[in-house]
Amino acid sequence: MAVIAAFILNAGLNFVLGIAIARMLGPADFGRFALATAGAVVLNTLLFEWLRLSATRFYSARVRETEPWIRRGLDRAYGAIALALFAAAALCAGLGIAVDPTPEGRLVMTAGTMVAAIGIGLFDYHAALARARFIGGAYLRLVVWKNVLAFILMAGTAWLFPQPVWVLIAGGASQFLAVLPMRKILGDKLLGDGLLGHAPASPHGQMRRTLRLFAAYGLPLIAANAVYQIMPFLNRAAIAGTAGFAEAGYFALAADLGSRAFSTLGAALDLLLFQIAVQAEEHHGREAAETQVSRNIAIVVALLLPCAAGYWAVTPALQALIVPEEFRGPFADYTDLLIPGLFCLSIMNFALNPIFQIRRRTSPVVAAALVGLAVNGVGLLLLPRWIGPQGVAVAQTLGLVAAVVVLGLRALTGNERLPLPGRDLALTGGACLAMVLAVLPFRGLEPTLALPACIGAGVLVYGALIWFLDIAGLRTVVRERFPKRLPAPVR
């Protein structure tokens, strides 16, 4: 429950923070900030993502005690990469001050992007350590620290120094500083020459072999994630180059708020469900793990599909109530075009990718990502000529739809196909359709009425169907979690 609470808190504060920064920077500077932030995410994916993936897949409380060299190797790898990236950032900053000493200079923005990537990488790595050891309280405190510091530093910087580069650096610093109070809880005690005084020392060459294993496991996933991060980076750059940074800001706000809505819920589920599958493999073997992954797919779809439909339903009300005035209009237009692609991306990340992670054969994930990038590239060449800047959003969505189709066919067909929970998926689709029909009459009301009416009607209809039909076993899960608080089923 602490993990779920952390993600709800993270989602809410990130949503508010994004709106606040957009309001204080304005469309053009927010477009620059969003482009640089996308670059920081790409850098983090390329350089640090393998550490997060490896910690999630191979680190645990048992490994902490019996194989301490795994954590030592991860820490050293992060330190070496972070120092090299910080040196590169310092070099870019120095050159930027000498060549173009303005906050909007490319070299200065590049330096800020590198600093932000270091902070993101450190936070994600320690969040993965907490996840791997199932210490939800520590994870919650880590997220609270990050959000409090981010709101203070980023919003404060945007208010006092409304330049994208300073807000970017403040964001990286907030994530870096959030880890410091949690180092003792998440760290391993150093005693003598080894970790955890009673634990065995690293066998000769074991750390090197471990890092090679991590690289072999993580590189395909990193390549795929990098493609999915490069896609929005290229799309934002394409809009900025053809329609200006203000238009890029409109696109970025819609994309950022939408992706946070999906990724926050999906990552919260992944934190719990994937680790359950890993534990099933550790204790009962690969077949048990794949059975658990199949169950997980049903749960992920049962929660993400209504999220997509509900977000579409409340977009007009959200735009009128909380989106800065200068972003209104384009925000809703871009959001409607981006939602299907964001849903597909979440399904890949949190439902399909775990199949290949459990099997430790992650190259199909790369193939699907490359197909998506190719489709996105073709769309970038053709669609903006026909329908203007919104063609970029359509291109991104088509690319993500193509990628999920390719990955789904690879995972769910052939000799090693994973059995789909067909009943649960069909019921989820029907329940979402009923929910959409229920909220449609309220979508056109005044925003102050439409938002609570849509949310209330949607939760009531979909929640009731989930409960009575036990879609994805969610009713069973709730009863097992709160056995004394719920009445016994009527027989």
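We count residues from 1, following the sequence as given. Just so it is clear, the model here is predicted, and its values are computed rather than measured.
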For [X] versus [Y], what's the shortest heavy-atom pair and its separation?
X	Y	result
Arg260	Gly18	NH1-CA, 3.7 Å
Phe30	Gly249	CD2-O, 3.8 Å
Ser346	Leu304	CB-CD1, 3.6 Å
Phe356	Ala411	CZ-CB, 3.6 Å
Leu253	Ala22	CD1-CB, 4.0 Å
Ala117	Leu43	CB-CB, 3.8 Å

Do [X] and [Y] make a side-chain contact, defined as non-hydrogen atoms from C-beta onward lying under 4.5 Å apart?
X	Y	result
Val179	Tyr125	no
Leu373	Tyr228	no
Tyr250	Glu247	yes
Pro354	Asn296	no
Tyr311	Leu342	no
Met154	Phe33	yes
Ile118	Phe123	no

Working to the nearest 0.5 angstrom, can you tell me the gap between [X] [atom1] and [Y] [atom2]?
X	Y	atom1	atom2	value
Ile471	Leu303	CD1	CG	10.5 Å
Thr335	Leu318	OG1	CG	9.0 Å
Thr45	Gln229	OG1	CD	4.5 Å
Asp256	Phe251	CG	CZ	9.0 Å
Phe343	Leu305	CZ	CG	4.5 Å
Ile297	Leu425	CD1	CG	8.0 Å

When the ring centroid of Phe48 is compared with that of Tyr78, is the distance short of 6.0 Å? yes
(Q) Walk me through whether Asn376 and Leu398 qualify under side chain to side chain contact (heavy atoms under 4.5 Å, CB included). (A) CA-CA 7 Å; Asn376 183 88; Leu398 291 176; over 6 Å; no
Name the atoms and distances for all side-chain donor-acceptor pairs under 3.5 Å in residues 428-455, with sequence neighbours left out.
from	atom 1	to	atom 2	distance (Å)
Thr428	OG1	Asp424	O	2.8
Arg443	NE	Trp312	O	3.3
Arg443	NE	Ala313	O	3.2
Arg443	NH2	Trp312	O	3.0

Any sub-3.5 Å donor-acceptor pair from [X]'s side-chain atoms to [Y]'s backbone N or O?
X	Y	value
Asn147	Val143	yes
Ser294	Pro419	yes
Gln319	Gly329	yes
Arg236	Ala34	yes
Arg475	Asp470	no

Next on the checklist: Can you see whether Thr315 engages Asp336 through a side-chain donor-acceptor pair at a distance of less than 3.5 angstrom?
Outcome noted: no
Which pairs would a plain distance check flag for residues 381-393, meaning a side-chain donor or acceptor within less than 3.5 Å of a matching protein atom at least two apart in sequence or in another chain?
from	atom 1	to	atom 2	distance (Å)
Arg385	NE	Leu381	O	3.1

Mind running side chain to side chain contact (heavy atoms under 4.5 Å, CB included) on Tyr334 and Ile239 for me, showing each step along the way? CA-CA 12 Å; Tyr334 278 121; Ile239 291 181; 4.3 Å; yes
In short, side-chain hydrogen bond (donor to acceptor under 3.5 Å, both in side chains) pairs touching residues 391-407 with sequence neighbours left out are Asn235-Gln396
(Q) Quick one, Trp467 with Leu474, criterion side chain to side chain contact (heavy atoms under 4.5 Å, CB included). Give me CA distance, side-chain angles, the key distance, then yes/no. (A) CA-CA 7 Å; Trp467 186 259; Leu474 291 175; over 6 Å; no
